[in-house]
Protein chains: 2
Amino acid sequence: MNTDNTKSQMRKGMLEYCIMLLLRQQPCYANDIIQKLQDAEMIVMEGTLYPLLSRLKRDGLLGYEWRESTQGPPRKYYVLTDDGQQALAQLDASWEEILRTVNILKMGN
Amino acid sequence: MNTDNTKSQMRKGMLEYCIMLLLRQQPCYANDIIQKLQDAEMIVMEGTLYPLLSRLKRDGLLGYEWRESTQGPPRKYYVLTDDGQQALAQLDASWEEILRTVNILKMGN
DNA sequence: GTTTAGTACCTTGCGATACAAGGTATTCAA
DNA sequence: TTGAATACCTTGTATCGCAAGGTACTAAAC
């Protein structure tokens, strides 16, 4: 059993939450997100991120706007929609619940 | 987007950790685990649990012993092996890392 | 003008896994 | 002996992270 796979599994499902937390602060394009998550000690691959952003966009939780770059092609900056804000609030609640669960299990019920 | 699905997504990958946390306290059989996790506000289905226990057993992280029941067929009580203890320690570290990540993202980096 | 390097966005195929549904086996009481 | 309760397990489906590969645009080098 390799630890990387386990850790990867634990990150599953957290990614969506983390990305929306990021976008709550400010609009970002893909490489922004990858970099900022890396700064927060979470790795996300391109092949993971793009489909995830597309899905959140399709579900109406994110919108985007094109912005020119000083060097290179234009960038797609994603923003939280109102629905996204509401969904994020629910994710906050879910996160708190998971925190409680783990704490209970650590205490030894 | 329904909340249940969202919550389900966030639980993904946490299950393995939560089950091992449980078994760190005491040996349990399947229904024990389902009940105790439910007490800790986490839902797990039979069809999820049995394959997961089999996998952890196959990977050498869990062992089990049969115990007679006062009513009904014998039960398979799972226990953490030494390897399981070590793996759990790594999962503890991964969990701490996720905690840090979420806190950083919540602060607004 | 053409080529090359860099940046950015996206898709495809694969493996892992949660879950619903269905199946088998054992025990005990009616 | 039959039925209900308990316990263990398997199969099929959908979802998602990830590696690899592909397309498109920009700017600088030649």
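Naming: A, B, ... by sequence-line order, numbering from 1 per chain.
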Q) Closest nucleotide of DNA chain D for A/T48 versus for A/P73: which of these residues is on the 5' side? A) A/T48

Q. Pick the nucleotide of DNA chain C nearest each of A/W66 and B/I43; which residue has the one closer to the 5' end?
A. A/W66

Q: In whole angstrom, give the distance that lies between atom CD1 of A/I34 and atom P of D/dC18.
A: 11 Å

Q: Specify the residue among A/M14 and B/Q71 whose closest nucleotide of DNA chain D lies further upstream toward the 5′ end.
A: B/Q71

Q. To the nearest Å, how far apart are B/R58 CZ and C/dA16 C1'?
A. 11 Å

Q. In Å, rounded to the nearest 0.5 Å, how long is the span from CD of A/E16 to CE of A/M14?
A. 10.5 Å

Q: Check the distance between C/dT17's C1' and B/Q9's CD and give it to me in whole angstrom.
A: 11 Å

Q. Between C/dA8, D/dC18, D/dC9, which nucleotide gets closest to the side-chain atoms of A/L15?
A. D/dC18

Q: Measure the distance from CG on B/L53 to P on D/dC8 and round it to the nearest whole Å.
A: 9 Å

Q. Nearest to the side chain of B/K12, which nucleotide is it out of C/dA18, D/dC9, D/dA19?
A. C/dA18

**Q.** Length of the CG-P vector between B/L62 and D/dC8, whole Å
**A.** 14 Å

Q. Does A/S54 or B/T70 map to a spot on DNA chain C nearer the 5' end, using the closest nucleotide for each?
A. A/S54

(Q) If we ignore hydrogens and angles and just use 3.5 Å, is the side chain of A/S69 paired with the main-chain N or O of A/P74 as donor and acceptor? (A) no

Q) C/dC9, D/dC8, C/dC19: which one has an atom nearest the side-chain heavy atoms of B/M45? A) C/dC19

Q) Just checking, any donor-acceptor pair under 3.5 angstrom between side chains of B/Q35 and B/D39? A) yes

**Q.** Rounded distance in Å - CZ (A/R75) to P (D/dT26)
**A.** 13 Å

Q) For B/Y78, which of B/W66, B/Y64, B/Y29 qualifies under ring-ring contact (aromatic ring centres under 6.0 Å, His included)? A) B/Y64

Q.
Of the options C/dA8, C/dT26, C/dC19, whose atoms approach the side-chain atoms of B/P74 most closely?
A. C/dT26

Q. Which whole-number value in Å describes the distance from B/Y50 OH to C/dC19 P?
A. 15 Å

Q. Between D/dG17 and A/R11, is there an OP1 or OP2 to side-chain N/O distance shorter than 4.0 Å?
A. no

Q) Starting at CG of A/L49 and ending at C1' of C/dT12, how long is that distance when rounded to a whole Å? A) 17 Å

**Q.** Side-chain N,O (A/Y29) to OP1/OP2 (C/dA8) below 4.0 Å
**A.** yes

Q: Report the nucleotide, chosen from D/dC16, D/dA7, D/dG17, that has the shortest atom-to-atom distance to any side-chain atom of A/L52.
A: D/dG17

Q) When rounded to the nearest 0.5 angstrom, what distance separates CG in A/L99 from CD in B/E41? A) 11.5 Å

